[in-house]
Colleague: 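Before anything else, here's the structure in question.
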Amino acid sequence: MNTSIVWFRKDLRLKDNPALFHSARSGPILPVYIWDETLPEQEEGASRWWLHESLLSLARSLSSTGSPLVFARGSTKEVLVHFAKRSNAQKIVWNELTEPWAKTFDLSLKKELLSTGLKVETYPPDLLSDPESMMGKNGPYRVFGQFWKRLRPALDPSAPFPAPERIFPPEFSVISEYLPEWGWNPSRPDWAKEMREKWIPGEEQAHMTLNTFLDERLQSYEKNRDRLDHEGYSMLSPFLHAGEITSRQIVRATLDKMHEHPGWQNDGEKFLSELGWREFSRYLLIHFPKMISEPFQPKFSSFPWKDNPEALLAWKSGKTGYPVIDATMRQLWAIGYIPNRSRMISASFLTKDLLISWKEGARWFRETLVDHDLANNTVSWQWVSGMGVDAAPYFRIYNPVLQGERYDPEGIAIRKWIPEIKGLPNQWIHRPWEAPEPLLKRAGIILGKTYPAPIVDHSYARQEALALFGALGGKGQKPELMA
DNA sequence: AATCACGTTGCTCCT
DNA sequence: CAGGAGCAACGTGAT
């Protein structure tokens, strides 16, 4: 029999999985997941919790096909070779990743496997375009608009691969580790409690989420995606990160839906362009891997970031005294997810108001987001801090009060996540420090005690940021505002 | 070849 | 109150 090992990575699904689809046709399959601690950029924190749940879900699906998922820890190469011997498999099959480190890793792994006499078959990662052929006149695109102008008209993915009709187990089975023993499901302390209530990771739920979104929310996506008071966005990002669904599947379904409902054109285009940003982020990391650790615009590499542990802690724990920031950061900690608008506001606050490095922010998001994704996180943090692509102007500094009032006018998100100020009327809910004393008293609020006073004055912090950024980004002739 | 318009998501101040 | 200038200046692709 022609047995294959299918090595699962960030592709925890049965549908639209080229490695699985093709190998299932050629013979029995041993599905394997390996936790290799020597690899860089592995999931941690909230996204590891998601990964844990997602793997359980995949394991259930595969068990029902008759060929259970096998878990192992250790060196990828050694595990694969060992399992191949035990199961009498001749071939290792996988889908590639887009992370910059993976290309070299896969290449040397492939060489090593071939040298032991095994066959290797790899399939492209979940991308909408070929990064090598997407080129402008002077090399890779650095502006989203140009990138998208080129890619958008070419978007027409063919129907995704179906799940394999049948998966046969290998003739000789192997011994699997027991996933719950890996300790990825937190208990003491159990910081994932609210995540368990909020999310159901897994391929089935990914498609239910997509369908609900397309049926109920796509038609008002452009208007509602930025709202903080209700969920007008797709919530697909964690499923995408684990590979429970592919961007190709989402694009295909969205295009079909837009065709069905011509009136949803603008909303559909907006949504597609968000997937475009996901694609662009991957594209950028492939061509400019240095931006994982360095500003895309080198002129900012000497920016005088502040080392301010107290302010950083206040930001992380939702105690800055700015309700929209605090609600955002508490939501992030509780359910591992905040919408795009919240990410921008809180990222702007950290980098422009507190003048703390985007890398600190990116590190925190990496630990706390269930959808944490190296490319999206890196590119977006740099964009907000004004050091990334698209000549995003550094003077675009978000005002946390105005943003709150605009996108959560009735303070619904504020009252949900900051109950200690829920008694404030809407007029003051985003600026408690300006509320008249009697009102504060009636609402049971003592600023600085029951809820923090603002840790910085936004308009002052803004002036300081403009001066510091201007000194590097501009002509260097800005007047000094700081004594 | 040189020039030009334009660029995901803002804010403040001035008239 | 609305509306507009200003905040800087570079890659991209069209002319």
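Letters A, B, ... mirror the listed sequences (proteins, then strands); counts begin at 1. Hydrogens, waters and symmetry mates are skipped; everything else that's a heavy atom, side chains included, is used.
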Colleague: Between A/Arg252 and A/Asp156, is the closest basic N to carboxylate O distance under 4.0 Å?
Modeller: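 Salt bridge between A/Asp156 and A/Arg252, a charged N being under 4.0 Å from a carboxylate O: yes.
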Colleague: Can you check nucleotides 1-5 of chain C for protein contacts, nitrogen or oxygen pairs under 3.5 Å, and list what you find?
Modeller:
none

Colleague: Please state how far atom CH2 in A/Trp381 lies from atom C1' in B/dT9, giving the value in whole angstrom units.
Modeller: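 In whole Å, B/dT9 C1' and A/Trp381 CH2 are 16 Å from each other.
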Colleague: What is the distance, to the nearest angstrom, from the NZ atom on A/Lys137 to the P atom on C/dA14?
Modeller: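 The distance from NZ of A/Lys137 to P of C/dA14 comes to 7 Å, rounded to the nearest Å.
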Colleague: Using atom CD of A/Gln297 as one end and atom P of C/dT12 as the other, report the distance to the nearest whole Å.
Modeller: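 The answer, rounded to whole Å, is 12 Å.
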Colleague: Report yes or no: is the cationic atom of A/Arg343 (NZ for Lys, CZ for Arg) closer than 6.0 Å to the six-membered ring centre of A/Tyr337, at no more than 45° off its axis?
Modeller: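 Yes, cation above the ring, under 6.0 Å and within 45°.
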Colleague: Could you check A/Arg366 against A/Glu41 for salt bridge (charged side-chain N to carboxylate O under 4.0 Å, His left out), going step by step and ending with a plain yes or no?
Modeller: CA-CA 10 Å; A/Arg366 175 187 153 98; A/Glu41 307 291 348; 2.8 Å; yes
Colleague: Do you see a donor-acceptor pair shorter than 3.5 Å between the side chains of A/Ser357 and A/Glu360?
Modeller: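 Judged by distance alone, the side chains do not pair up.
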Colleague: Among A/Val251, A/Ile250, A/Asp267, find the residue that satisfies the side chain to side chain contact (heavy atoms under 4.5 Å, CB included) test when tested with A/Leu272.
Modeller: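 In the set A/Val251, A/Ile250, A/Asp267, the residue that makes a side chain to side chain contact (heavy atoms under 4.5 Å, CB included) with A/Leu272 is A/Val251.
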Colleague: Among side-chain atoms of A/Arg406 and A/Asn399, is any donor-acceptor pair under 3.5 angstrom?
Modeller: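 No - no donor-acceptor pair under 3.5 Å links their side chains.
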Colleague: How close or far is atom P of C/dT12 from atom CZ of A/Phe280, stated in whole angstroms?
Modeller: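 Result: 9 Å.
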Colleague: In whole angstrom, give the distance that lies between atom CE of A/Met135 and atom C1' of C/dG11.
Modeller: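 About 15 Å, once rounded to whole Å.
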Colleague: Does any donor atom in the side chain of A/Asp326 or A/Tyr451 lie under 3.5 Å from an acceptor atom in the other side chain?
Modeller: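 Looking only at side-chain atoms, A/Tyr451 and A/Asp326 do form a donor-acceptor pair, the distance falling under 3.5 Å.
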Colleague: Drop me the distance from A/Ser47's OG to A/Asn377's CG, to the nearest 0.5 angstrom.
Modeller: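 The CG atom of A/Asn377 is 10.0 Å from OG of A/Ser47, to the nearest 0.5 Å.
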Colleague: Has A/Lys352 got its NZ or CZ under 6.0 Å from the middle of the six-membered ring of A/Phe469, at an angle within 45 degrees of the ring axis?
Modeller: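 Because its charged atom sits under 6.0 Å from the ring centre and within 45° of the axis, A/Lys352 does stack over A/Phe469.
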Colleague: Please state how far atom CG in A/Leu284 lies from atom C1' in C/dG11, giving the value in whole angstrom units.
Modeller: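 So the two atoms are 13 Å apart, to the nearest Å.
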Colleague: Distances under 3.5 Å between protein N/O atoms and the N/O atoms of nucleotides 11-15 of chain B, please, pair by pair.
Modeller:
{"unit_1": "B/dC11", "atom_1": "OP1", "unit_2": "A/Asn399", "atom_2": "N", "d": "3.0"}
{"unit_1": "B/dC11", "atom_1": "OP1", "unit_2": "A/Gln403", "atom_2": "NE2", "d": "3.3"}
{"unit_1": "B/dC11", "atom_1": "OP2", "unit_2": "A/Arg406", "atom_2": "NH1", "d": "3.1"}
{"unit_1": "B/dC11", "atom_1": "OP2", "unit_2": "A/Arg406", "atom_2": "NH2", "d": "2.9"}
{"unit_1": "B/dT12", "atom_1": "OP1", "unit_2": "A/Asn399", "atom_2": "ND2", "d": "2.9"}

Colleague: Side chain of A/Trp305, backbone of A/Trp358: donor and acceptor closer than 3.5 Å?
Modeller: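 Looks like no, no N/O pair under 3.5 Å.
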Colleague: Of all the base pairs, Watson-Crick or G-U under 3.5 Å, which form stems of three or more consecutive pairs involving DNA chain C?
Modeller: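 Stems found: B:2-7 with C:10-15, B:10-15 with C:2-7.
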Colleague: Taking B/dC14 as the reference, what is the distance to C/dA8 when you measure between their P atoms (whole Å, please)?
Modeller: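 Those two atoms are separated by 16 Å.
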Colleague: Checking contacts here: which listed nucleotide (C/dG13, B/dG7, B/dT9) is nearest the side-chain heavy atoms of A/Tyr141?
Modeller: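 For A/Tyr141, the side-chain atoms sit closest to C/dG13.
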Colleague: If you measure from the P atom in B/dA1 to the same atom in C/dC10, how many Å do you get, rounded?
Modeller: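 Their P atoms lie roughly 22 Å apart.
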Colleague: Report, as yes or no, whether the 6.0 Å neighbourhood of atom CD on A/Glu434 holds more than 12 heavy atoms from other residues, nucleotides or ligands.
Modeller: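 Yes - once you tally the heavy atoms of other residues, nucleotides and ligands closer than 6.0 Å, there are more than 12.
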Colleague: Have a look at A/Asn426 and tell me which of A/Glu410, A/Arg415, A/Glu405 forms a side-chain hydrogen bond (donor to acceptor under 3.5 Å, both in side chains) with it.
Modeller: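 Among A/Glu410, A/Arg415, A/Glu405, the one meeting side-chain hydrogen bond (donor to acceptor under 3.5 Å, both in side chains) with A/Asn426 is A/Arg415.
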Colleague: Does A/Asn138 reach a base, just sugar-phosphate, or nothing at all? Heavy atoms under 4.0 Å.
Modeller: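 A/Asn138: backbone/sugar contact only, no base atoms under 4.0 Å.
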Colleague: Without decimals, in angstroms, what is the distance between A/Arg142 CZ and C/dG13 C1'?
Modeller: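 So the CZ-C1' distance, A/Arg142 to C/dG13, works out to 14 Å.
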Colleague: Measure CD/A/Gln146 against P/C/dA14 and give the value in whole Å, please.
Modeller: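 These atoms are roughly 8 Å apart.
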